[in-house]
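Have a look at the structure below, then the notes.
These figures come from a predicted structure and were not determined experimentally. So that the names make sense, note that chain A is the first sequence line, chain B the second, and so on, each numbered from 1.
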4 protein chains.
Amino acid sequence: MATETQRSTGRRRNPATRATILATAFAVVAELGYAGLTIEKVAARAGVGKQTIYRWWPNKGALVLDAVLERTAGAGSDGAPAELPDTGDLEADLSAVLVATVEEFADPDFDRALRGLTAAVIEDAELALAYRERLDGPMRELKKRRLRRAQEAGQLDPDVDLDLAVDLVFAPIAQRWTERSGDLTPDGARTVVRHALRGLAAP
Amino acid sequence: MATETQRSTGRRRNPATRATILATAFAVVAELGYAGLTIEKVAARAGVGKQTIYRWWPNKGALVLDAVLERTAGAGSDGAPAELPDTGDLEADLSAVLVATVEEFADPDFDRALRGLTAAVIEDAELALAYRERLDGPMRELKKRRLRRAQEAGQLDPDVDLDLAVDLVFAPIAQRWTERSGDLTPDGARTVVRHALRGLAAP
Amino acid sequence: MATETQRSTGRRRNPATRATILATAFAVVAELGYAGLTIEKVAARAGVGKQTIYRWWPNKGALVLDAVLERTAGAGSDGAPAELPDTGDLEADLSAVLVATVEEFADPDFDRALRGLTAAVIEDAELALAYRERLDGPMRELKKRRLRRAQEAGQLDPDVDLDLAVDLVFAPIAQRWTERSGDLTPDGARTVVRHALRGLAAP
Amino acid sequence: MATETQRSTGRRRNPATRATILATAFAVVAELGYAGLTIEKVAARAGVGKQTIYRWWPNKGALVLDAVLERTAGAGSDGAPAELPDTGDLEADLSAVLVATVEEFADPDFDRALRGLTAAVIEDAELALAYRERLDGPMRELKKRRLRRAQEAGQLDPDVDLDLAVDLVFAPIAQRWTERSGDLTPDGARTVVRHALRGLAAP
DNA sequence: GACTAAACGAGACGGTACGTCCTGTCTTGAG
DNA sequence: CTCAAGACAGGACGTACCGTCTCGTTTAGTC
């Protein structure tokens, strides 16, 4: 569902159709949630035959993953941002990123769509792999890059594993979102970053 | 779905039926996952009419929550453990708890059942509330109680919010589980605890 | 469902309950038809337990038969009329009876209730027997009595079978009702009687 | 349920499926009666999805009507007989037709199927209309045609309405069948015809 | 007056069927 | 070869009733 190979002959895949389907899928999952999303509904709303969806996506999860990817990639003018901010102040930079995330969660459409995708990912190991490779992975790479620079600057414990560092900084807020538990505010985010970084600081 | 008020007359609810349904629901979600769980399947396997399930649980999510609760409550002899270990060594105590969690995740049945419940919780706000009150809440209370004692003993920053502390210690491992990302090993758990506590320590 | 033997001891059957159930059953079948009639609905509307209905009637058909019987019996002041009119003018007398029948069919409640009963009777041989014995039979006896007097007075072919005579006079209108085919008017009824009697007259 | 308009595109209705469903429906109603007929049972026995039945028939009644029609139409090699017998002897001709009807009633399958249809027709006014137009109507037309020739030949009262004539001849036997009352024998049929014709004869 | 037994309301229960929705596949004609 | 349309077998949904089964209460009789 990631890279479709080019067919040699016959009518080619219509990119506009692909875009319509993904936009419709996003809209449906945003409105009705993952459980309420149906291939038939997407096909009907997109004015597309069911087969056209089944031809290119193996299941709901793959479709929603692509739909969310298409939307997040389209956010920046030229796709995803190439780099996290680096002002030299690590705490401020990470706080800014986390605050941005919190603000994204505040958009009901994005919230519901991402909840749908996450629900699918939890149960479907194969989809989880795709999710990590195509959505979470690139973002995590950016985070690690920023943290590596901090580590090289001596702001972080040189022995700490960067994946652990990412988890410590970002997981608490993510979990509050999934479980709708703690407060999901900019201030809450900043407090998390402060303590997480204290735990990762050079001893 | 928790406390049903007593009806004045008529035949009473059969507790054995309730237990059978919950046990069957757990088995089904453990075997087929949340998406593969069907009220019809549970009814058929439990030898019960569908209406008997719909009479007492409004949807799949509520049923699975009760099924998981019934199972975890039944784990200890007298229900849930009243208190987290307190040897005086905070890091060791929390590590023990997190390692136990990691080991629970290793049980495929428990893993799939909990994944099912979590998937439902992510999408259903009402269920999320019940989940927090009945499953997550009591456990979090225990954790906070242990941390409060440490805080009073001067082992933790006296200004830190205990909910934040819980999140910082436990969220990273939880997220690794949902996203099947980082390693879910006892050693990984211990490393998380070490750095999280360093971030929460008295300055 | 007809004659219940007296039990030696214990609480007796409440006749008011019986009446309420039958009245409710009639109302329900009049409103919703036989297919829409439900023991549960009757029980609920009558404010009665389902078991109380099942205790005394084996099925919907028996209940509806009793309900219709109760209603038709209650029509006359002292129950069913003991005799058909006998003015000496056979054609006029039979026309009067048939016109009365046509007018009964015009009452929507009675129409629907009787349709319900008839639908049940067509499929249920046992109920058909009870229907003949308790509803159709007595009425047919009255008709035959009137025709016998006419036959003895030489107004009818002495060789004609009286059951055949009843069928010839009354079946055409009955069939128009069941099939909603020909016109169900007093004039139509009178025309049927005229030709039927011509076919039964002494040669 | 009679004439489906042609759709512009998409897969066409499979006529073999239609035939299988109708044959199965006839078999089921013949075996279990109308009350015992279930869309689910028909679907299962026919190896067909329920939706395929609901797509083309709005309810049990319409299905059974089509099933009976398909069967009776398929009786003759080229469908229904185009004309009633006409030997010049009206009484003999009508007797032959009625005797044939009585013999059809003797076939248990046909009897139960037709009882099912009739039960549905009694309660459902819309179905009754379809029944008259598609089953009863054509047959009645044939009967009227035969009677009209007799009327023109001076064998019948020139003033008598032909619909009344049909009712007088055929309703008595039909009613005996529905109510399982009088005898349903060839001799009984002949006696009915004799007296009915006497009542319709030229004065 | 206490005891016994059935009638009665209420409603849980194992089932069956309803009519609808969706799945994933297949077929048809148009492009 | 793609695509929109839509038929198809299958299966689950959540609801409505079925007829049976407790329950606790009420009402007669019998002792």
Side-chain angles (χ1 to χ4, degrees), chain A residues 7-14 17 35-44 46-56 58-60, chain B residues 7-14 16-18 21 35-44 46-56 58-60, chain C residues 6-14 16-18 21 36-44 46-56 58-60, chain D residues 7-14 16-18 21 36-44 46-56 58-60:
Chain A
R7 230 63 94 259
S8 54
T9 164
R11 190 172 172 180
R12 294 322 167 39
R13 179 172 189 184
N14 185 347
T17 300
L37 177 124
T38 281
I39 300 290
E40 284 211 332
K41 219 166 270 167
V42 174
V48 140
K50 287 201 298 177
Q51 200 59 258
T52 304
I53 300 182
Y54 281 113
R55 216 188 321 268
W56 303 111
N59 49 51
K60 291 207 304 181
Chain B
R7 228 72 83 265
S8 54
T9 21
R11 189 174 174 179
R12 305 307 176 52
R13 181 175 189 181
N14 186 348
T17 302
R18 193 193 110 100
I21 289 168
L37 178 125
T38 279
I39 299 289
E40 287 208 335
K41 216 167 273 167
V42 174
V48 140
K50 286 203 294 177
Q51 200 59 52
T52 303
I53 300 183
Y54 282 113
R55 205 179 343 255
W56 303 110
N59 48 52
K60 292 206 303 180
Chain C
Q6 178 70 5
R7 233 66 93 266
S8 54
T9 162
R11 188 174 174 181
R12 303 311 176 46
R13 180 175 189 181
N14 186 347
T17 301
R18 193 193 110 102
I21 290 169
L37 177 124
T38 281
I39 299 290
E40 287 211 333
K41 217 166 272 166
V42 174
V48 140
K50 287 202 297 178
Q51 200 59 259
T52 304
I53 300 183
Y54 281 113
R55 205 179 343 255
W56 303 111
N59 49 52
K60 289 208 304 181
Chain D
R7 230 71 88 266
S8 54
T9 24
R11 188 175 175 178
R12 305 303 179 55
R13 180 175 188 181
N14 185 348
T17 301
R18 193 193 109 101
I21 289 168
L37 178 126
T38 279
I39 299 289
E40 287 209 333
K41 216 167 272 167
V42 174
V48 140
K50 286 202 295 178
Q51 200 60 54
T52 304
I53 300 183
Y54 282 113
R55 208 184 336 262
W56 303 110
N59 48 52
K60 291 206 305 181

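Closest approach of Gly49(B) and Ala43(B) over heavy atoms only: C-CB, 4.2 Å. Gly36(A) and Lys41(A) get closest at one heavy-atom pair: O-NZ, 3.5 Å.
Regarding Ile53(B), its CD1 atom lies at a distance of 15 Å from the P atom of dA12(E), rounded to whole Å.
Remark: the backbone N or O of Ile39(C) is not paired with any side-chain donor or acceptor of Lys60(C) at under 3.5 angstrom.
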| said: One character per nucleotide, please: for nucleotides 13-18 of chain E, 5' to 3', B when the base has a protein heavy atom closer than 4.0 Å, S when only the sugar-phosphate does, - otherwise. | reply: BBB-BB
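The OG1 atom of Thr17(C) lies 10.5 Å from the CD1 atom of Ile53(C); values are rounded to the nearest 0.5 Å.
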| task | Could you check Arg18(D) against Trp56(D) for side chain to side chain contact (heavy atoms under 4.5 Å, CB included), going step by step and ending with a plain yes or no? | result | CA-CA 9 Å; Arg18(D) 193 193 109 101; Trp56(D) 303 110; over 6 Å; no
